[in-house]
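Here is the structure we will look at.
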Amino acid sequence: MHNRKLYIVMVGLPARGKSTIANKLKENLTKYGVKTGIFNNGDLRRRLTGTESSRSDFYNPENRQGAELREKIAVTNMGRAADYLGRTGYVAILDATNVSLKRREKIAGCITDHPILFIECINGDEKILRAGIQRKVALPEFSHLTKGEAVNSFRQRIEYYQALYAPLASERNYVKLDSLNNKILAEEITDKIPYWDRIRDFLVTDTVKNLFLLRHGETHFNLENRIGGDSPLTENGVAQAQGLASHFQRKKIPVIFTSEKKRTIQTAVPIKALQKKCAIIPLKDFDEIDSGICECMTYEEIRSQMPQVSLARKKDKYNYIYPDGEGYASMKYRVDMGIKKALYLSRDSQSIIIVGHRAVNRMILSHFLYRREEDVPYIYVPQDRFYHIVATQDKKLLQLKPYTL
Ligand code: F6P
């Protein structure tokens with residue numbers, strides 16, 4: 001047995017990020033000099049059946065014809081993958097749902113020349129699933145259906161697979177991956193799996209090729225040193241947004257994530273206007289720290305009217321929680337979720353922008369750059385500069401850059 005060849009078998013319900021992980025894994029291993037091929041059952045099915053397989057009934061386990069065709073496709077791809085490893089390939093990824101035990105036993109029974117690593121993608125976040133389904137129904141296979149019909153058909157398809165779903169448990173080598181959080185939920189490695197260290201590390205890495213982290217432009221509240229609220233941009237703030245827009249005009253930015261506050265959306269709008277194709281996605285997870293009973297007050301007012309708040313915050317700014325509001329530590333979870341969602345939703349993009357707020361951006365920066373907790377609430381987040389962040393398995397970069405007004 002050649003000890004450097006490997007089959008990877010993806011497992012999971014439709015729209016759980018399997019193909020994205022397969023593609024990224026291929027890109028990553030190829031960069032590392034490991035020749036990798038993907039054998040995708042969906043692609044083969046679409047080539048063979050065209051729009052026929054967009055009907056959910058095609059996936060009904062009771063539909064003999066559909067089941068036989070899907071089986072044939074699976075066997076064909078197994079053969080192709082084995083051929084590939086028999087020749088010049090080193091890693092063959094079988095990309096399909098493979099949710100039933102029967103199917104997986106068949107794979108394990110048929111391909112015995114090299115070890116198999118199963119990777120199960122799990123993701124139960126309804127908002128992310130909805131976004132995943134939107135991407136699926138945009139494929140040409142659904143072009144003859146209305147959007148609503150396509151979504152219903154896809155949801156029904158998921159239900160058919162759900163009925164057969166047997167999570168990984170008895171396989172010799174497997175990883176169960178929370179594909180939104182890049183978190184390994186369970187792993188079992190019995191055989192010697194080539195490239196395992198690299199693969200495992202890759203699976204848990206938050207990857208972003210180019211993240212431009214911007215703070216919204218100047219607001220009326222900023223001028224008065226007032227915190228929170230939902231103040232719009234000043235004239236200067238609008239000019240800053242336009243400066244950012246012309247700066248990023250030279251780059252392709254398909255998606256800008258903002259908070260749900262006016263000031264971040266107003267900063268994003270001119271940037272979008274100078275892009276060919278760009279969507280603004282507001283996420284509540286990126287809303288500024290909720291300062292509770294201190295919302296809309298100036299720091300001076302807080303100091304004089306609520307000295308206990310100022311003092312307690314000064315003593316431990318990271319852990320302090322505003323009465324009826326939040327603190328840095330307590331908003332960490334939601335900001336992290338926002339980052340995960342943004343990276344997941346833009347996973348095929350080369351460059352993305354997040355327009356956030358002072359405290360939120362500090363938390364985003366600390367996600368990529370280690371800082372002691374007590375220093376996080378003081379990270380420098382100016383309005384006339386932005387951070388460029390690159391985070392891949394092989395490269396970490398964080399640069400503060402100016403732009404011209
Ligand atoms: O002043 C702008 C602002 O974004 C406020 O809305 C927010 O409360 C504050 O900055 C966060 O900074 P700090 O934690 O240093 O008070």
Side-chain angles (χ1 to χ4, degrees), residues 212-241 244 256-269 282-339 342 353-387 400:
F212 299 102
L213 180 65
L214 281 44
R215 186 174 165 201
H216 61 80
E218 181 191 79
T219 65
H220 295 282
F221 266 27
N222 289 151
L223 284 182
E224 296 163 20
N225 227 1
R226 229 170 255 292
I227 66 172
D230 197 9
S231 168
L233 299 186
T234 60
E235 231 173 79
N236 184 37
V238 172
Q240 287 170 328
L244 285 162
I256 306 175
F257 296 95
T258 65
S259 72
E260 291 190 349
K261 301 290 179 189
K262 275 189 211 123
R263 52 199 188 275
T264 58
I265 298 173
Q266 277 185 348
T267 306
V269 168
L283 294 177
K284 202 162 176 44
D285 310 275
F286 291 149
D287 276 2
E288 183 55 316
I289 190 169
D290 175 355
S291 42
I293 58 168
C294 299
E295 276 287 296
C296 304
M297 292 174 79
T298 65
Y299 288 107
E300 191 43 55
E301 285 166 353
I302 301 172
R303 241 189 320 270
S304 58
Q305 294 166 32
M306 302 175 191
Q308 71 290 359
V309 168
S310 287
L311 280 174
R313 197 161 191 258
K314 191 165 171 219
K315 215 164 148 206
D316 184 0
K317 192 171 172 188
Y318 187 77
N319 289 303
Y320 178 78
I321 298 178
Y322 282 107
D324 297 336
E326 292 178 301
Y328 279 86
S330 78
M331 71 172 182
K332 180 173 169 50
Y333 178 76
R334 71 157 165 100
V335 175
D336 278 347
M337 281 314 288
I339 297 170
I353 286 180
I354 297 179
V355 187
H357 303 259
R358 181 154 64 181
V360 160
N361 286 11
R362 285 172 175 154
M363 296 308 286
I364 295 176
L365 283 164
S366 70
H367 181 95
F368 292 101
L369 166 82
Y370 174 74
R371 279 291 163 95
R372 278 183 300 263
E373 284 181 353
E374 67 260 36
D375 295 324
V376 171
Y378 301 96
I379 297 177
Y380 181 49
V381 183
Q383 270 161 324
D384 60 350
R385 281 175 166 55
F386 62 87
Y387 280 97
L400 184 60

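Counting starts at 1 for both ligands and their atoms, following the listed order. From a predicted model like this one, the values you see are computed outputs, not experimental measurements. Numbers here simply count residues along the sequence, with the first being 1.
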Do the non-hydrogen side-chain atoms of [X] and [Y] ever get within less than 4.5 Å of each other?
X: Lys315; Y: Tyr320; value: no
X: Tyr328; Y: Glu373; value: no
X: Gln383; Y: His216; value: yes

Under 3.5 Å donor-acceptor, Asn225 side chain and Thr298 backbone: no
Are any of the N/O atoms on [X], whether in the backbone or the side chain, positioned under 3.5 angstrom from an N/O atom of ligand 1?
X: Arg313; value: yes
X: Arg362; value: yes
X: Arg215; value: no

Parallel under 30°, tilted from 30 to 60°, perpendicular over 60°: which one fits the rings of Phe212 and Phe386?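 If you compare the ring of Phe212 with that of Phe386, the planes turn out perpendicular.
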Derivation of the side-chain contact (heavy atoms from CB on, under 4.5 Å) call for Thr264 and Thr267: CA-CA 5 Å; Thr264 58; Thr267 306; 5.5 Å; no
For ligand 1, note which part of [X] has a heavy atom under 4.0 Å away: side chain, backbone, both or neither.
X: Phe221; result: neither
X: Tyr328; result: side chain
X: Ile289; result: side chain
X: Glu326; result: neither
X: Lys261; result: neither

Name the closest protein heavy atom to [atom], giving the residue it belongs to and the distance to 0.1 Å.
atom: atom 7 (C) of ligand 1; value: Glu288 OE2, 3.4 Å
atom: atom 16 (O) of ligand 1; value: Tyr299 OH, 2.5 Å
atom: atom 12 (O) of ligand 1; value: Arg358 NE, 3.3 Å

Under a 4.0 angstrom heavy-atom cut-off, which atoms of ligand 1 come close to Gly228?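 Counting from 1, the qualifying ligand atoms are 5 (C), 6 (O).
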Distance filter under 4.0 Å to Lys317 heavy atoms, resulting ligand 1 atoms: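 Here the atoms of ligand 1 in question are 13 (P), 14 (O), 15 (O).
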Is a salt bridge present between Arg334 and Glu326, judged by a nitrogen-to-oxygen distance below 4.0 Å?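 Answer for the salt bridge query: yes.
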Looking at every heavy atom in both Glu301 and Met297, which two are closest together, and how far apart are they?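 Glu301 and Met297 have their closest heavy atoms at OE1-CA, 3.4 Å.
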